[in-house]
Amino acid sequence: MLARARIVVERRGARTVVRELRSQPPLTLLPQRGAVASRSPAATVHMLSSATTPLGGDDVGLEVVVGPGAHLVLTGVAATLALPGQGTSGPSRLVVRLTVGDGAAVQYLPEPTVVTRRADHRGELHAELGAGARLRCREVLVAGRTAEPSGRYLGLTRVVDTATGRPLLVQEQELGDPTLHASGAHLAGRRVLGTEVLVWGEDPPTGLAGEWWSLSPLAGRGSLATAVGTDAVTAGRGLAHAIAGHPGWAATTLTSAAP
Amino acid sequence: MSADHGHGHGHSLDPTVTEPDPHVPQAPSGRAVRIGIGGPVGSGKTALVAALARTLGSRLRLGVVTNDIYTTEDADFLRRAGVLTPDRIEAVQTGCCPHTAIRDDITANLDAVELLEERFGDLDLVLVESGGDNLTAVFSRGLIDRQIFVVDVAGGDKVPRKGGPGVTTADLLVINKVDLAPYVGADLEVMTSDAHRMRGELPVIAQSLVTDPAASDVTEWVLAQLAAVRVPAA
Amino acid sequence: MASLAALTLADARFPGGGHVHSGGVEEAAARGLITGVPDLGSFLSGRLRTTGLVGAAFAAAAVVAAARPDAGWAVLDGELDARTPAAAQRDASRAQGRAALRAARLSWPSPVLDALCAVTPRPHHALLVGAVVGIDGGSPAEAARCLAYLAVSGPASAAVRLLGLDPLAVNAAIVALRPALDAVVAQAAQAAALSPDRLPAPGAPVLDLMAQAHVHHHREQVRLFVS
């Protein structure tokens with residue numbers, strides 16, 4: 001399945017409005033409406049999988065443009081199951097491009113991706129941040145369903161500060177090699193890996209660390225939270241601990257935007 | 001690659017050739033004189049550093065680098081002694097190899113000394129205290145200008161006789177805790193005469209920080225070294 | 001032709017400050033993740049394929065850069081920073097780079113090193129190694145092999161010191177990594193001529209979080225290694 005979805009939001013007055021919304025199966029985008037939405041300065045859009053996806057061979061692209069000063073929250077509704085395709089379908093692919101204007105903010109918060117046995121999935125997240133733009137991106141990867149060996153996953157996250165041209169974070173993650181997962185340098189036998197990029201105002205001067213989570217300032221601006229766990233709940237809790245220690249996030253007044 | 005580099009310390013093996021001792025460096029003008037303090041575990045290195053800091057801290061611009069496993073405790077000890085502000089003490093991790101850090105690969109210590117020099121601009125003296133090690137552990141001349149080796153009477157009165165580079169080549173040998181000699185059955189005279197025999201002309205100071213908390217003799221020696229090392233290069 | 005620089009830099013006796021870094025082994029040992037030679041081999045293998053590959057690729061790219069009139073050190077420095085999300089790892093890399101620079105300036109004086117230092121007085125270790133190997137006439141693959149080897153040999157030595165492991169068995173465990181090492185070197189050498197933004201960036205999540213925890217523990221209890 002080849003799909004290209006697109007969201008464009010812009011700021012009008014004190015609010016963010018959705019100017020363009022294009023869903024294409026298997027990816028359906030559903031803006032949140034109603035009283036809560038109208039009170040929030042941010043626009044919230046839910047991401048739904050309208051078919052069993054990603055299957056091997058699927059090629060899904062999501063383009064997100066957040067105009068200057070606007071604030072978009074993109075949330076997943078259910079965990080994604082990466083599944084194998086049939087025959088020689090090749091890997092499934094999800095490419096997300098976030099273009100965040102000056103002073104704009106985006107939170108990209110999909111639910112966990114479960115890489116099932118024999119799946120071969122590729123994920124890419126490219127974020128380009130304008131001057132003073134804020135970004136929060138969460139990725140939770142689960143190496144196989146319970147008691148199932150992991151399929152293959154290769155992911156790339158690249159965050160660039162367009163004002164300076166400087167890359168803030170470039171990171172690939174790989175799942176599917178049990179030898180690598182077992183290594184004390186990689187997952188230390190844990191099944192779930194959570195990361196959360198926060199480019200959101202003030203960063204901690206030095207890192208923070210718990211037993212299986214950490215928060216570290218990046219070299220440019222921004223911070224990376226990392227957590228591993230035996231299940232998604234544990235890893236998610238680790239991430240929550242980590243970002244609670246982020247001074248910029250903690251100070252945010254957009255409490256309604258935090259899920 | 002250059003055919004000839006890094007051999008500035010080469011010296012002739014012909015004993016009839018006279019040339020200045022290549023191992024008596026002078027501190028380049030503008031930087032602090034660096035004195036290393038080494039010796040076995042428990043011989044009283046940190047106590048000596050604290051005594052020197054107490055005695056000299058008000059007269060000289062002083063910095064201290066501590067090494068090794070007891071780094072945190074040593075630094076805390078010095079801080080508690082109240083003689084130096086914490087920012088004048090830099091602690092170095094040595095990766096379980098205290099002798100490597102002062103002899104074979106001195107970069108971590110050089111970094112620490114330079115950090116102190118950058119922080120305070122113009123220090124007179126930096127004391128580099130090694131982690132407790134064995135009798136073979138001496139400082140590289142690339143790190144320090146002078147070195148003191150500290151042994152104590154409780155470590156056994158045979159120590160000076162055993163020799164080793166620390167005892168035989170250090171610029172000053174300190175026999176510490178002499179007040180304990182009667183209690184541990186150490187013969188101080190044997191220790192001192194053995195030390196002199198092993199060291200030739202090099203000085204030996206026997207002291208007790210219990211009876212002389214100011215470490216007067218060592219202080220005097222340190223001041224004399226400062227004057228000597230600081231002679232401007234010809 | 002073998003580069004003497006690559007050999008020298010990979011020598012444990014090279015006075016470049018490497019011996020005070022455990023590459024995460026001290027923290028991993030404290031957590032019980034490494035207790036013996038098999039765990040260590042697994043740890044080293046993971047380290048090699050992640051952090052080791054990043055370092056090897058940037059060392060190889062630095063050899064290519066060193067030969068150009070405008071090396072573009074700032075871009076490589078920025079891309080490597082972006083691939084080293086743990087602040088403690090960046091510190092460790094730059095501390096080793098600065099330490100090795102001391103020895104390198106005496107042994108391989110060159111305007112290439114001056115240009116690197118003009119960008120940062122504390123260059124990343126991988127870039128310093130690549131620059132020196134390049135100055136010495138070595139190849140990107142040689143620099144990559146040097147870095148990849150150091151990514152496992154330093155931590156292995158730390159494990160011997162911390163856990164009293166049998167050094168002969170540990171040496172055999174390093175040698176057993178040969179196929180992985182060759183693969184990393186090949187991948188790094190192939191990437192050397194790519195635009196810096198295309199260089200590999202494999203993450204090492206537990207290594208990253210342990211690096212931060214190691215710094216944290218430094219303040220509370222004794223740690224023998226800087227990283």
Side-chain angles (χ1 to χ4, degrees), chain A residues 139 141 154-161 164-175 177-190 192-195 197 203-220 222-229 235 238 242, chain C residues 23-25 27-29 31-34 39-54 74-75 77-91 94 151 155 180 196-217 219:
Chain A
E139 180 179 56
L141 298 167
L154 287 176
L156 167 68
T157 300
R158 186 173 173 91
V159 181
V160 177
D161 189 335
T164 59
R166 180 178 185 163
L168 300 178
L169 176 70
V170 183
Q171 182 143 279
E172 297 160 3
Q173 298 297 358
E174 178 184 345
L175 290 184
D177 179 344
T179 317
L180 192 59
H181 295 185
S183 170
H186 190 249
L187 289 185
R190 270 76 188 158
V192 182
L193 165 62
T195 55
V197 192
D203 293 300
T206 57
L208 304 171
E211 198 181 0
W212 293 107
W213 59 265
S214 68
L215 177 75
S216 172
L218 299 171
S223 298
L224 181 69
T226 304
V228 297
Chain C
V25 164
E27 181 65 27
R31 289 169 182 238
L33 292 180
I34 301 175
D39 304 333
L40 176 65
S42 160
F43 178 87
L44 295 178
S45 153
R47 195 173 196 285
L48 175 62
R49 289 169 56 182
T50 54
T51 312
L53 174 58
V54 174
V75 173
D77 186 76
E79 290 286 347
L80 186 44
D81 260 352
R83 284 161 177 76
T84 320
Q89 306 257 51
R90 292 195 298 276
D91 278 351
R94 291 189 184 279
D197 62 331
R198 310 267 317 272
L199 290 173
V206 172
L207 212 50
D208 285 353
L209 68 84
M210 286 196 305
Q212 292 305 126
H214 183 91
V215 175
H216 193 61
H217 289 151
R219 302 189 200 114

| Region of A:L156 in contact with chain C, defined by heavy-atom distances below 4.5 Å | neither

| query | What distance do A:L224 atom CG and C:L209 atom CG have between them, rounded to the nearest 0.5 Å? | reply | 10.5 Å

| query | In Å and rounded to the nearest 0.5 Å, what is the CD to CZ distance from A:E174 to C:R49? | reply | 5.5 Å

| task | Quick one: which of C:Q89, C:R90, C:M210, C:R47 has the most heavy-atom pairs under 4.5 Å with chain A, could you say? | result | C:R90

| note | When the 4.5 angstrom heavy-atom criterion is applied to A:L215 and chain C, the contacting part is backbone

| Shortest non-hydrogen separation from C:S42 to A:G184 and the atoms involved | OG-N, 4.4 Å

| request: Could you tell me which of C:G24, C:A74, C:P200 has the largest number of non-hydrogen atom pairs under 4.5 Å with chain A? | output: C:P200

| query | Top residue by heavy-atom pair count (under 4.5 Å) with chain C, among A:A185, A:S216, A:A182? | reply | A:A185

| request: Using non-hydrogen atoms and a 4.5 Å limit, figure out which bit of C:A204 sits close to chain A: side chain, backbone, both or neither. | output: both

Which donor-acceptor pairs under 3.5 Å do the side chains of residues 165-172 of chain A make with protein atoms, sequence neighbours left out?
residue : atom : partner : partner atom : Å
A:E172  : OE1  : C:A201  : N            : 3.3
A:E172  : OE2  : C:A201  : N            : 3.3

| message | Please classify the contact of C:D91 with chain A as side chain, backbone, both or neither, using a heavy-atom distance under 4.5 Å. | response | neither

| Between A:A209, A:S183, A:G222, A:G189, which has the largest tally of heavy atom pairs under 4.5 Å with chain C? | A:S183

| said: Just verifying a value: how many Å separate C:R198 CZ and A:R158 CZ, rounded to the nearest 0.5 Å? | reply: 10.5 Å

